[in-house]
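Below is one structure, written out as structure tokens, with a few remarks after it.
Only heavy atoms go into these numbers, but all of them, side chains included; no hydrogens, no water, no symmetry mates. Please read these numbers as outputs of a predicted model, since none were measured by experiment. Throughout, protein chains are lettered first and strands after them, A, B, ... in sequence-line order, and every chain is numbered starting at 1.
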Number of protein chains: 2
Amino acid sequence: MSDGPQPQTGQSLLFLTDEQLRKGIEAMFFAYRGFTADPDRILEEKSYGRAHHRAIHFIHRSPGTTVNNLLSILGVTKQSLNRVLRTLIEDGLVASTVGKKDKRERHLHLTPEGAVLERALSDAQRDRMRAAYRTVGPDAVAGFRQVLEAMMDDQTRHHYEAMKDRTE
Amino acid sequence: MSDGPQPQTGQSLLFLTDEQLRKGIEAMFFAYRGFTADPDRILEEKSYGRAHHRAIHFIHRSPGTTVNNLLSILGVTKQSLNRVLRTLIEDGLVASTVGKKDKRERHLHLTPEGAVLERALSDAQRDRMRAAYRTVGPDAVAGFRQVLEAMMDDQTRHHYEAMKDRTE
DNA sequence: AACAATACGTCAGCTTTGTTGACATTCCAA
DNA sequence: TTGGAATGTCAACAAAGCTGACGTATTGTT
């Protein structure tokens, strides 16, 4: 493989050149920074980090989820999640209730206060995404989602697809 | 704003519902994990991290770049970059040469050994992206790139556009 | 009833990668 | 020649990941 111009089997494969793939890699890197920039500013004021944001996001999306479930969605260890979860519970943003059927489990919910922060964070993040979506239009958005889904690990994709999506 | 179904101004704006935007946010989160998973495995063997990968990537893309320029591309402090850069130079993967015109500047290049690692890392990352691109086709890829570019900060987009792209 | 497995929490210690602040050196330019 | 810019280095710290070990409560299995 070389960085230089390559013989193409057809014009339709031009998007698979090393150069184009590199541009895609860089686009992911740079875009992810923008993607997290707005919530990061809000989190900094409250002395929280991205890990708190992720926990809040997925507790909002799956109210009543267990610690174990959240662990596998986030892909971190229980020690790592516990540190974050403990501060959120202490600060009254997350409620942890003993399982009814299985008392070993803890079910996680956002408190009203937690929901307020969740809303602020996701508003900030959605604003940027909404602006991007408006700029490029529905067809580009569909392509965007398709590529992202295709880039996920199989196991991750299951988590992704399990999240509710009322438009489908 | 509410999570529930919302009155639409038209069918064409269905993709701007909170739910759809949330799905986009989750897609970014999950896809970014997949995006970094393959190079991470290679880096772990060599006791390097993602910060090393990023430095290597952009030194490869802009040979002879200065430390200051790299700083602004990566968006980190000089102290943070220096730590990474120092190990790469010690390990013989990166060469730092005093500037000819301005001797305060250091120009960074990959050594042959550094180029070998760069190739291994980017091959791994490109393989996944290539597979995704093949799955979804050129139109979706174009949309993917458009959305990512629209999500970047203005300053970041300048860096992105400054990177060479021989197909444009 | 005894035992094994599961879910969760916690302690201790370590790593990577980011941050500030302080300070020295080198060099260009006014 | 003096001021500012670019670089490098030291120290200290924080966020957020990791492993390993251990304790407790609960549940499932034999």
side-chain hydrogen bond (donor to acceptor under 3.5 Å, both in side chains) against E26(A), all qualifying residues, sequence neighbours excluded | H57(B), R61(B)
Which residues pass the side-chain hydrogen bond (donor to acceptor under 3.5 Å, both in side chains) test with R106(B), sequence neighbours left out?
-> none
Under 3.5 Å, which donor-acceptor pairs do the side chains of residues 154-161 of chain A form with other protein atoms, sequence neighbours left out?
residue	atom	partner	partner atom	Å
D154(A)	OD1	R157(A)	NH2	2.6
R157(A)	NH1	E149(A)	O	2.6
R157(A)	NH1	M152(A)	O	3.3
H158(A)	ND1	D154(A)	O	3.3
H159(A)	NE2	S72(A)	O	3.3
Y160(A)	OH	R145(A)	NE	3.0
Y160(A)	OH	E149(A)	OE2	3.1

What are the bounds, 5' to 3', of the part of DNA chain C that sits under 4.0 Å from heavy atoms of chain A?
-> dA5(C) to dC11(C)
With sequence neighbours excluded, residues passing salt bridge (Lys or Arg N to Asp or Glu O under 4.0 Å) with D40(B) | R50(B)
B/S/- along nucleotides 22-30 of chain D (protein heavy atoms under 4.0 Å) is ---BBS---
For Y32(B), check ring-ring contact (aromatic ring centres under 6.0 Å, His included) against everything at least two apart and list the hits.
-> Y32(A), F35(B)
Apply side-chain contact (heavy atoms from CB on, under 4.5 Å) to D139(B) and list each qualifying residue two or more places apart in sequence or on a separate chain.
-> none
Scan R83(B) against the nucleic acid and name what it touches under 4.0 Å (heavy atoms): base, sugar-phosphate only, or nothing.
-> base
For DNA chain D, what residues of residues 62-72 of chain B have any heavy atom nearer than 4.0 Å?
-> T66(B), V67(B), N68(B)
Under the ring-ring contact (aromatic ring centres under 6.0 Å, His included) rule, collect the residues that match up with F29(B), sequence neighbours excluded.
-> F58(A)
Counting side-chain heavy atoms from CB outward, which of dC18(D), dA16(D), dC10(D) is closest to Q79(B)?
-> dC10(D)
Could you tell me whether the side chain of L43(A) reaches within less than 4.5 Å of the side chain of L121(A), counting heavy atoms only?
-> yes
In residues 37-51 of chain B, what residues come within less than 4.0 Å of DNA chain C, judged by heavy atoms?
-> G49(B), R50(B), A51(B)
Applying ring-ring contact (aromatic ring centres under 6.0 Å, His included) to H53(A) and not counting sequence neighbours gives none
